[in-house]
Number of protein chains: 2
Amino acid sequence: MLKYRDPLSLAFQALADPTRRDLVDRLLRGPASVSQLAEPVDMTMSAVVQHLAVLEGAGLVRSQKIGRVRTFQVDPDGLRRTEDWFRPRRTPTESRLDRLGEHLARSEPPQENP
Amino acid sequence: MLKYRDPLSLAFQALADPTRRDLVDRLLRGPASVSQLAEPVDMTMSAVVQHLAVLEGAGLVRSQKIGRVRTFQVDPDGLRRTEDWFRPRRTPTESRLDRLGEHLARSEPPQENP
DNA sequence: CCAATACTGAAGCATGTGCTTAAGTATCGG
DNA sequence: CCGATACTTAAGCACATGCTTCAGTATTGG
């Protein structure tokens, strides 16, 4: 079939599995090794590694290996690019608020609880 | 396996297919019948109907049948609920702008290009 | 050094997915 | 009424996915 190889399809596909979304959530709290990621999950490390490969293939996480430990972390750009699919597809009512938000974001840096 | 039945998984799964995203895009320009949706797509109407069933099962579109014509339209809430998964998962830098947007959206109705 | 640790990779099984074809069932227009 | 229209549904095929087991390969601590 060889048809779902575009980045958006890969990302949505990756997020369609609750185990993988849990892994993303874990990684949002900070980088973690394969063992650390596998520990709370009720399946073999092998399966977790396969899930991580899907997430990495979708550009949602990245990893690097130091010694025998591979450490994963979220790729914020991957998440943002996926979320960006929705923005131009909001209904007009939602879009008006949205355009305001973008306008303000462009014009003034925000204040943290002034 | 029977494991991907939660609404979020269904929605992401539905959006993981380019044909289905195209159908959503078509429907964002206005409601359409099955025939109208199937016409520009290079596959049988049967296949398109199956794609539409996936989208409807995921709560991304709705349909009603009048006479022999079934008309589909986007369900904006379904799309918004799916997009909402990303919001609390943005990195801190992005989140600051985001919280500003929400704050402003709550306080003042926007002006259209004054 | 060498056994424990931390993955890695291949094979295999059960199910799920994306199509097609083919045979329906309603409704409508004349 | 009756043929065209507009779906609907079921069966079946090829390939994808989510696991498991099992057999590796590097690293590392003592």
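Remark: A/S35 is in phosphate contact with C/dC7, judged by side-chain N or O atoms under 4.0 Å from OP1 or OP2. OP1 or OP2 of D/dC19 sits under 4.0 Å from a side-chain N or O of A/H51. Look at A/Q13 and you'll find a side-chain N or O under 4.0 angstrom from OP1 or OP2 of D/dT17.
Looking at residues two or more places apart in sequence or on another chain, you find a side-chain hydrogen bond (donor to acceptor under 3.5 Å, both in side chains) between A/R70 and A/S63.
For the residue pair A/R80 / B/T91, no side-chain donor-acceptor distance below 3.5 Å is found, with atom types taken as modelled. Side-chain contact, B/D6 with B/S9: a donor N or O sits under 3.5 Å from an acceptor N or O.
The separation between A/K65 atom NZ and D/dT25 atom P is 13 Å, rounded to whole Å. Atom CG of B/L52 is separated from atom P of D/dT9 by 13 Å (rounded to the nearest Å). Regarding A/E56, its CD atom lies at a distance of 14 Å from the C1' atom of C/dT8, rounded to whole Å. The interatomic distance linking A/R70 (CZ) with D/dT25 (P) rounds to 18 Å, in whole Å. Look at CZ on A/F72: it is 10 Å from C1' on C/dC7, rounded to the nearest Å. One can place CE of A/M45 at 17 Å from C1' of D/dG18, the figure rounded to the nearest angstrom. If you measure from atom CG of A/D17 to atom P of D/dA16, you get 18 Å, rounded to the nearest angstrom.
Residue side chain B/S46 reaches the base of D/dT9 through a donor-acceptor N/O pair under 3.5 Å, judged by distance alone.
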Below 3.5 Å between N/O atoms, which protein atoms pair up with nucleotides 27-29 of chain C? Just atom names and distances, please.
from   : atom 1 : to    : atom 2 : distance (Å)
C/dT27 : O2     : B/R68 : NH1    : 3.0
C/dC28 : O4'    : B/R68 : NE     : 3.4
C/dC28 : O4'    : B/R68 : NH2    : 3.2

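Of the residues near DNA chain C, A/Q50 and A/T71, the one whose nearest nucleotide (by heavy atom distance) lies more toward the 5' end is A/T71. Residue B/V49 is the one, among A/R20 and B/V49, whose nearest nucleotide of DNA chain D lies closer to the 5' end (criterion: closest heavy atom).
Relative to the side chain of A/V69, the nucleotides D/dT17, D/dC7, C/dC7 differ in distance, and C/dC7 lies closest. Of the listed nucleotides (C/dT20, C/dC7, D/dG18), C/dT20 has the atom at the smallest distance from the side chain of B/M43. Minimum atom distance to the side chain of B/T44 is reached by C/dT20, of the listed D/dA6, C/dT20, C/dC7.
Between A/F12 and A/W85, the ring planes lie perpendicular to each other; the angle is over 60°, past the 30° to 60° tilted range.
With contacts defined as side-chain heavy-atom distances shorter than 4.5 Å, the pair A/M43/A/H51 qualifies.
Minimum interatomic distance between A/L60 and A/L79 (heavy atoms only, all atoms of both residues): CD2-N, 3.9 Å.
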